[in-house]
Asks: 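I am attaching a structure below and will ask some questions about it afterwards.
Not measured: the values here are computed from a predicted model. Sequential numbering from 1 along the given sequence is applied to the chain's residues.
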Amino acid sequence: MGPITRRLMALESKRGWSVLLGVVLLGAIAVPLLNGLLPADHPLHVPTYMVQLLGKFLCYAMLALALDLIWGFAGVLSLGHGAFFALGGYAMGMYMMRQIGGRGVYGNAELPDFMVFLNWTELPWYWWGFDQFWFAALMVVAAPGLLAFVFGWLAFRSRITGVYLSIITQAMTYALMLAFFRNEMGFGGNNGLTDFKDILGHSLNADATKVGLYVATVIALAVAYLLCRFIVKSRLGRVLLAVRDAESRVRFIGHSVTGAKLFAFTVSAMIAGVAGALYVPQVGIINPSEFSPAQSIEVAIWAAVGGRGTLFGPILGALAVNGAKSYFTAAAPEVWLFFLGALFVVVTLFLPKGLVGLMGALRGLKRPTLPAVAKTEEVKNA
């Protein structure tokens, strides 16, 4: 067994690997089977729209996981992770727009419909290459990663921390939102990119494609989780925890605080970009509203509700909050925002470790404790 294999096996206990494998198998195999093999009137049938909804929630879970890597383990609260998510989504959207070809409303094989409508005569240079999937896949991680690297290098090198860093990350995503709203930017303006037809030659309207995208999202989330787990269990992960708890001491003993933060921030942005790329073909649209600062704030709520600094907690929080959102926006849309605000206040005041911390506390209550006399006898016998 090589060193990398030993490190991967050490990421989780046997129980942890069993849970992870069970979740992946349940998500990637059970749900598609319940969708494709059971008739629509069967009580266990999972309709296709539910598969798409679950895929959307899993993309949000990956985004929350990405934020937890930098917030939960390095103490950097980024309120701009929605920007990295949106950039990955736009990269995938540009590829799918190029795949439409002459099937658009205006029948132009070279220009997307919105460019024809705005009287553009040629394709902008930054759209070149997006007719190839490999190039789009590269841009999905390269664009968010490059932005995070440049932004992080400037911010961390200047030793901007705390609420000031959170504010400038929010300003970054707000500036990008305003820029992408402009028609002359060449990204669809207010309407964004939509009316996608297919991906890798497969129709987005086909049930098999929708299920395939869902399975790809489950696998991507599992890989992202293992990558984050690998990082936080490594020596770098211990440095990140030390930076979170006592940054000045870490700097004093000679570790590169800037380098540690920058690496985690860049990897986190790339994971968010992949989440955005998987999100767009499943919802069928990407527009500047994904850059909204409110979106990034909501991601922080998911991580806090689930339990930041746990990796699994933010995934649970994203699924729980978005599941509640899906229900309340249909059943009682006027109370959803009040519910979300109350949830955040309750978690902040009474559940600082989130749902994961609550489950741990409940397990501790259920665990049988030995009487004091029995404990004394155990010590003597030992």
Asks: Can you tell me if E122 has over 12 outside heavy atoms packed within less than 6.0 Å of its CD?
Replies: no
Asks: Which hydrophobic side chains are connected to V257, either touching it within the sub-4.5 Å cutoff or through other members that do?
Replies: V239, V243, V250
Asks: Can you check whether Y279 and Y60 have ring centres sitting under 6.0 Å from each other?
Replies: yes
Asks: Any chance you could lay out the side-chain contact (heavy atoms from CB on, under 4.5 Å) test for N108 and M115, step after step, and finish with the verdict?
Replies: CA-CA 10 Å; N108 192 310; M115 291 186 182; over 6 Å; no
Asks: In the structure I gave you, are the side-chain heavy atoms of V305 and L355 within less than 4.5 Å of one another anywhere?
Replies: yes
Asks: Hey, any chance I253 and L241 share a hydrophobic cluster, counting ILVMFWY side chains that come within less than 4.5 Å of each other, even indirectly?
Replies: no
Asks: Quick one: does Q99's side chain have a donor or acceptor within less than 3.5 Å of a partner on D131's backbone?
Replies: yes
Asks: So, applying side-chain contact (heavy atoms from CB on, under 4.5 Å) with V218, which one of L58, V31, V223 is it?
Replies: L58
Asks: With a 4.5 Å limit on heavy-atom distance, are the side chains of L165 and L77 in contact?
Replies: no
Asks: Could you measure the distance from the CG atom of L123 to the CZ atom of F130? Nearest 0.5 Å is fine.
Replies: 10.5 Å
Asks: With a 4.5 Å heavy-atom cut-off, do H81 and S268 have their side chains touching?
Replies: yes
Asks: Are L200 and Y95 side-chain neighbours, meaning at least one heavy-atom pair lies under 4.5 Å?
Replies: yes
Asks: What are the two closest heavy atoms between A155 and I168, and how far apart are they?
Replies: CB-CD1, 4.2 Å
Asks: Can you sort out the partners of D198 under side chain to side chain donor-acceptor pair (under 3.5 Å), two or more places apart, ordered by chain and number?
Replies: R103
Asks: Counting N and O atoms only, with roles assigned by atom type, does the side chain of D113 sit under 3.5 Å from a partner on the main chain of G104, one being a donor and the other an acceptor?
Replies: no
Asks: So, for A64 and V299, which heavy atoms are closest and what is the spacing to 0.1 Å?
Replies: CA-CG1, 4.0 Å
Asks: Can V232 and L240 be said to form a side-chain contact (heavy atoms from CB on, under 4.5 Å), step by step?
Replies: CA-CA 8 Å; V232 301; L240 290 174; 5.6 Å; no
Asks: Taking V46's backbone N and O only, do any of them form a donor-acceptor pair with N35's side chain (distance below 3.5 Å, no angle check)?
Replies: yes
Asks: Nearest 0.5 Å, what's the CG-SG distance between L221 and C59?
Replies: 9.0 Å
Asks: Decide if atom CZ of F135 counts as having more than 12 heavy atoms of other residues, nucleotides or ligands within a radius under 6.0 Å.
Replies: yes
Asks: In terms of heavy-atom contacts, does OH of Y106 have more than 12 from other residues, nucleotides or ligands at under 6.0 Å?
Replies: yes
Asks: Any chance you could measure L67, atom CG, to I301, atom CD1, to the nearest 0.5 Å?
Replies: 11.5 Å
Asks: Provide the closest heavy-atom pair for P32 versus V215 in the form atom of the first, atom of the second, distance.
Replies: CG-CG2, 3.7 Å
Asks: Please report the closest heavy-atom contact between A318 and A61, naming both atoms and the distance.
Replies: CB-CA, 3.6 Å
Asks: Minimum heavy-atom separation for L213 and P281, please, with both atom names.
Replies: CD1-CB, 3.9 Å
Asks: Can you check whether G82's main-chain N or O pairs, donor with acceptor, with S296's side chain at less than 3.5 Å?
Replies: yes
Asks: When you measure from the side chain of R157 to the backbone N and O of T258, does any donor-acceptor pair fall under 3.5 Å?
Replies: no
Asks: Would Y126 end up clustered with W134 when hydrophobic side chains under 4.5 Å apart are linked, directly or stepwise?
Replies: yes
Asks: Does the plane of the ring in F187 sit parallel, tilted or perpendicular to the ring in Y90? Use 30° and 60° as the thresholds.
Replies: perpendicular
Asks: Determine whether a donor-acceptor pair (N or O, by modelled atom type, separation under 3.5 Å) exists between the side chain of S158 and the backbone of I160.
Replies: no
Asks: If we ignore hydrogens and angles and just use 3.5 Å, is the side chain of S326 paired with the main-chain N or O of G323 as donor and acceptor?
Replies: no
Asks: When you compare the side chain of E298 with that of Q295, does any pair of heavy atoms fall below 4.5 Å?
Replies: yes
Asks: Surrounding CZ of R159 (heavy atoms of other residues, nucleotides or ligands, distance under 6.0 Å), is the total greater than 12?
Replies: no
Asks: What are the two closest heavy atoms between L236 and A260, and how far apart are they?
Replies: CD1-CB, 3.9 Å
Asks: Is any side-chain heavy atom of T310 closer than 4.5 Å to one of L316?
Replies: no
Asks: Show the numbers, then the answer: is there a side-chain contact (heavy atoms from CB on, under 4.5 Å) between R98 and E110?
Replies: CA-CA 8 Å; R98 293 297 308 273; E110 294 296 326; 4.3 Å; yes
Asks: Only one of F84, F149, W71, F73 passes ring pair (Phe, Tyr, Trp, His ring centres under 6.0 Å) with F265; say which it is.
Replies: F84
Asks: Does Q52 have more than 12 heavy atoms from other residues, nucleotides or ligands lying within 6.0 Å of its CD?
Replies: yes
Asks: What is the distance from atom CZ of F180 to atom OG of S289, rounded to the nearest 0.5 Å?
Replies: 12.5 Å
Asks: Rounded to the nearest 0.5 Å, what separation is found between the CE atom of M92 and the CD atom of Q282?
Replies: 11.0 Å
Asks: Do L278 and M62 have side chains that approach each other closer than 4.5 Å (heavy atoms only, starting at C-beta)?
Replies: yes
Asks: Just verifying a value: how many Å separate L63 CG and W302 CH2, rounded to the nearest 0.5 Å?
Replies: 5.5 Å
Asks: Could you go step by step and tell me if D195 and K197 meet the side-chain contact (heavy atoms from CB on, under 4.5 Å) rule?
Replies: CA-CA 6 Å; D195 196 31; K197 306 296 184 184; 3.4 Å; yes
Asks: Taking the six-membered ring for Trp, is the centroid-to-centroid distance between F338 and F328 below 6.0 Å?
Replies: no
Asks: Only counting residues at least two apart or in another chain, list the ones meeting ring-ring contact (aromatic ring centres under 6.0 Å, His included) with F57.
Replies: none
Asks: Any side-chain to backbone donor/acceptor pair from W127 onto G186? Under 3.5 Å, distance only.
Replies: yes
Asks: State, with a plain yes or no, whether a side-chain heavy atom of I100 is found less than 4.5 Å away from one of P112.
Replies: no
Asks: Ignoring hydrogens and geometry beyond distance, is a side-chain donor-acceptor pair present between E247 and T161 at under 3.5 Å?
Replies: no
